[in-house]
2 protein chains.
Amino acid sequence: MTASLNIVPLGGLGEIGKNMMSVEYGRNILIVDAGIMFPEASMPGVDYIIPDWEYLRDKQDLVRAVVITHGHQDHIGALPHFLQEFDVPIYATRLTRGLIEARLKQRHMLEKTTLHTMAPGDIIRIGPFTIEPYHVCHSIPDAVGLGITTPAGLVVHSGDFKIDHTPVDGRPTDYAKLAEFGARGVLALLSDSTNAEQAGTTPSEASLNDAFHQIMRDASGRLIVATFASLISRIQQVIDVARQHGRKVAIAGRSMVENTQIARELGVLDVPDDVLIGLGEIERLPAHQVLILATGSQGEPMAVLSRLAAGTHDSLRIQKGDTVVLSSHTIPGNEEMTQGVINLLFERGADVYYDPIASVHVSGHAGQEDQKWLINVLHPRFFVPIHGELRHLEQHAKTARAVGIPDESIAVVQNGYVLTLNGRLQVGERVPGGYVFVDGALVGEVGPRVIREREALSENGFVTVAARYDRRAGQLVGPSRILTGGFVYAPESGDLLDRAQDVIRSAGSVKPGTAPEKVEEKVERALAHFFYRETRRNPVVRSAVMDG
Amino acid sequence: MTASLNIVPLGGLGEIGKNMMSVEYGRNILIVDAGIMFPEASMPGVDYIIPDWEYLRDKQDLVRAVVITHGHQDHIGALPHFLQEFDVPIYATRLTRGLIEARLKQRHMLEKTTLHTMAPGDIIRIGPFTIEPYHVCHSIPDAVGLGITTPAGLVVHSGDFKIDHTPVDGRPTDYAKLAEFGARGVLALLSDSTNAEQAGTTPSEASLNDAFHQIMRDASGRLIVATFASLISRIQQVIDVARQHGRKVAIAGRSMVENTQIARELGVLDVPDDVLIGLGEIERLPAHQVLILATGSQGEPMAVLSRLAAGTHDSLRIQKGDTVVLSSHTIPGNEEMTQGVINLLFERGADVYYDPIASVHVSGHAGQEDQKWLINVLHPRFFVPIHGELRHLEQHAKTARAVGIPDESIAVVQNGYVLTLNGRLQVGERVPGGYVFVDGALVGEVGPRVIREREALSENGFVTVAARYDRRAGQLVGPSRILTGGFVYAPESGDLLDRAQDVIRSAGSVKPGTAPEKVEEKVERALAHFFYRETRRNPVVRSAVMDG
């Protein structure tokens, strides 16, 4: 390995460099973040996806550390899997570390992991890298960007960030540090592209206060606010406004309870004890003195809001006069679920507020003008958009060109490609790997082939046939058993399955001595043809033709 | 039946009164629209959904006619199914009729159907109803709203509409007619709620011209514009701008070719012959003289744009320098597909413009201020929001209250509920029926039970077991056959399926004489338990235990 600086966005699905990034110099590898992605609709049954670090496996001893930018699942969620293979120290800020510890504890991995707490302003030397975390605003407290000084020059990794002059915790992004980086001279800026398609600046968290005050003033009954459990600043904001309106706060949902507890312990969430009430105490208070913070703003079927909408929550029921607020944006792919939940909440008599009918959510990512600010303050030699799908990176590249970064100094790199910064930008070969499905207890055993089968099953279901076969006679013995699922509802399918018996019998009439495998092929082909002709559908057809 | 006026929004999924509406007085039923809905992600394999008109089946002889407001599939698509059961005349405007005829022709149903052409300004008497269609702007030409005079009073059905002072065809919504209705006195307004969540007014179609001109000016290569095939005015607009920039137009995609042909024949699309070129002629022209109008703006896998993105189109390939415009909004549920297509187009070297990064689409539905205008000009006694999910109707009801309609004069009714206007608004019982899945050649044979099975299959796949059983011994004979799909990829599943054999054998060891059905139950229970323990997954498990 020659001593040049390589940057490799790894794995993850769709979003580039979001879940994991490898920064390499000589025989030293620094990993930034180790997160998970949530599956698309086209990956049924997959719980989540982890980056494929195949490429790092034969470089085990070169990996020096993992530095985490913030505590969201798409940045920390893959750590338990990664640490099973790599015995390296983790660097994280206080809240981020707390969230990582909770995850490692669940898996009984906390003891054998080396965790270092870092803070903005620290200078951390790891091999040839000097890391300077700096404070950024994002939708979770204790988020940082990273200045990474390498022998090739200073690389700035923006993390997930927004520019917010009036954040809930009163701490804006560290403009001075960024200006100082700019003065030092920046070789490359790797910058968050999530909102590259949003013109203008991203509104401040403070802009939500008006909407929250207005809703709490108008709501005569209970208020139920659903948001992301990791959105600690939103939780703080809702609780602060609730207190001003004399409402007590109950917290519903496992992840919301867990995160608020961690955040309170670490002092990043400020809630006096007397404000909090248990779910069991709600009934004792007048409706207008109650606020419930709940999970489920994405319409996730098992979260609190969905169970309220469906009427299946253990202890809570929506009642006429309730006001529900979804303080979140809907992650693409979750629209139908979220909208279904909203419809059901209306049906149960709640009034419901959500984006865009009320200003109850702002993004945690920089808009185009904010992105321009960062580029202008750092005036990097090279610009590498990260954190976004390809279309976001392309837009961010356009934004960079608009502020004067020359085209040849911009690299739009996809996951798994090696970007070399060696006087100029060079995109190399694709390294092996992609991403790994985690499904139940199976990691990586569910591949694209199984996923394609599931898609086929979800469209048309299956038909399997169990038949006994007399090889000497070249005949099936007796009627076959036909098992179906997701195809047609048997009691209503009329004589379709009866006629399928005829098709099976006739396909099973073969030359005496024919091998059963041949008969299976023939039966499956004949049945597939028959079902398509009769129903215009293609169920997955399998058969077991048993000799003797 | 007493002589009162009933209004029943029928079937359809999610959106209320969108696909079909029944207006009833005495022994007379007038149907407004007969459309289809497209399935949600949670209905895998379903092609489309038709309203369930079960409720009308014993009133066959009372149904007088179907009046169609405009030619979109969600308003005309169910006609072929409806006309198989109901022999009634259809009333439609010229273009709408043309689109209906194309659909009926495909099904060889054109000859036996009675179609009447209606035009704005006509006065049509059907039983006790006097129907006055009036021109409205929408995202398809020849759209109308309906004044329906009944013995109980004048009902105005807005159809799908927008307020556009500068529409492409130069014909704004008929404000004068609406004012005249208002002067006559309106008993009830049934009004389009699609954009009830959008503040302000909906921008005019004319507002797109700037963006189209700019994109065509800047694009040095070919231009590919994808939009809805039914958006005739958008197609007109794109072609008009293309001509000004000296581009010839090729049309790609079956529905786009079909619709433009019908629209040209009927004179609602004005394109000189010399502007159009065939797909085969594209290569002969310089890239900057080519514009391709294509289907697939929703990322539909079989449409032109997806095939261009995937590189699987018969004759067209994306080339570096191509500019692609998605002039459409993404229908909820299609986000992942559409975004995937955009990413792939970028990957192939195209530049891509889409909402929100360019102003290349406007809605065809009225915004909140437009909705207020309609209510104010008609000042109806009763207000019934229609065309939208429950949450849209609730917002539209809020809007109506904001302009002074008293709460008791507003009815938010769900599909299948009878609304009686009898001096006051009364919501009655739910009529039988809901909606009917159409899947391949099967209409209604795929019910919720099968859909639930498909969902389970898509999550975890299936395992079926075929075993031979010796009832006298209470033992299975030899190893069983295990067939799986979508569960684990067998060659990679290690010894999981081997160990499953042991589980089957041991579950199949029973008291001599046990019935095979009992053994099946036991095997299925044991296997389900085994697979869950080993994989944390729940495949659909079925078994065929064959005696003898």
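Here is how names work: the chains are called A, B, and so on, in the same order as the sequence lines, proteins then strands, and each is numbered from 1. Computed over heavy atoms, backbone and side chain alike; hydrogens, waters and symmetry mates excluded.
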Residue part contacting chain B, namely of A:Ala199, when any heavy atom lies under 4.5 Å: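 For A:Ala199, there is no contact with chain B at all, as no heavy atom is under 4.5 Å.
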Validation row: A:Thr464, B:Arg542 side chains within 4.5 angstrom (heavy atoms):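 Result no, sub-4.5 Å side-chain heavy-atom pair not found.
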Engaged part of A:Tyr354 at the chain B interface, taking heavy atoms whose separation is under 4.5 Å: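 For A:Tyr354, the contact with chain B is made by the side chain alone.
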Under 3.5 Å: donor-acceptor pair, side chain of B:Arg454, backbone of A:Glu459: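 Checked: pair present.
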Contact origin within A:Phe531 toward chain B - heavy atom pairs under 4.5 Å: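 For A:Phe531, no heavy atom lies under 4.5 Å from chain B.
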Residue selection (most heavy-atom pairs with chain B, distance under 4.5 Å) from A:Gln414, A:Glu389, A:Arg391: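 Looking at each of A:Gln414, A:Glu389, A:Arg391 in turn, A:Arg391 comes out on top.
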Option that, when pairs with chain A are counted at under 4.5 Å, heavy atom only, ranks first among B:Leu390, B:Leu393, B:Val352: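 With the most close heavy-atom pairs to chain A, the winner is B:Leu390.
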Nearest non-hydrogen partners of A:Ile357 and B:Gln395, listed with the distance: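 In this case the closest contact between A:Ile357 and B:Gln395 is CD1-NE2, 3.0 Å.
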Per-residue contact mode, A:Ser543 against chain B (heavy atom under 4.5 angstrom):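 Answer is backbone: N, CA, C or O of A:Ser543 sit under 4.5 Å from chain B.
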Rounded distance [0.5 Å steps], CD in A:Glu394 versus CG in B:Asn343: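 Nearest 0.5 Å value for the CD-CG distance: 9.5 Å.
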Straight-line distance of B:Arg468 CZ to A:Arg468 CZ, nearest 0.5 Å: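 Interatomic distance, B:Arg468 CZ to A:Arg468 CZ, rounded to 0.5 Å: 5.0 Å.
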Straight-line distance of B:Glu453 CD to A:Leu457 CG, nearest 0.5 Å: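 Those atoms lie 11.0 Å apart.
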A:Val545, part contacting chain B, at a heavy-atom distance under 4.5 Å: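 The backbone, not the side chain.
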Contact origin within A:Gln339 toward chain B - heavy atom pairs under 4.5 Å: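 The answer is both parts of A:Gln339.
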Part of A:Glu197 lying under 4.5 Å from any heavy atom of chain B: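 Both the backbone and the side chain of A:Glu197 come within 4.5 Å of chain B.
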Proximity breakdown for A:Asp351 and chain B, heavy-atom pairs closer than 4.5 Å: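 Side chain of A:Asp351 only, per the 4.5 Å heavy-atom cut-off to chain B.
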Geometric cation-pi criterion A:Lys398 and B:Phe346, 6.0 Å radius, 45° cone: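 Output no; distance or angle outside limits.
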From A:Glu335 atom CD to B:Glu335 atom CD, the distance as rounded to the nearest 0.5 Å: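 Interatomic distance, A:Glu335 CD to B:Glu335 CD, rounded to 0.5 Å: 3.0 Å.
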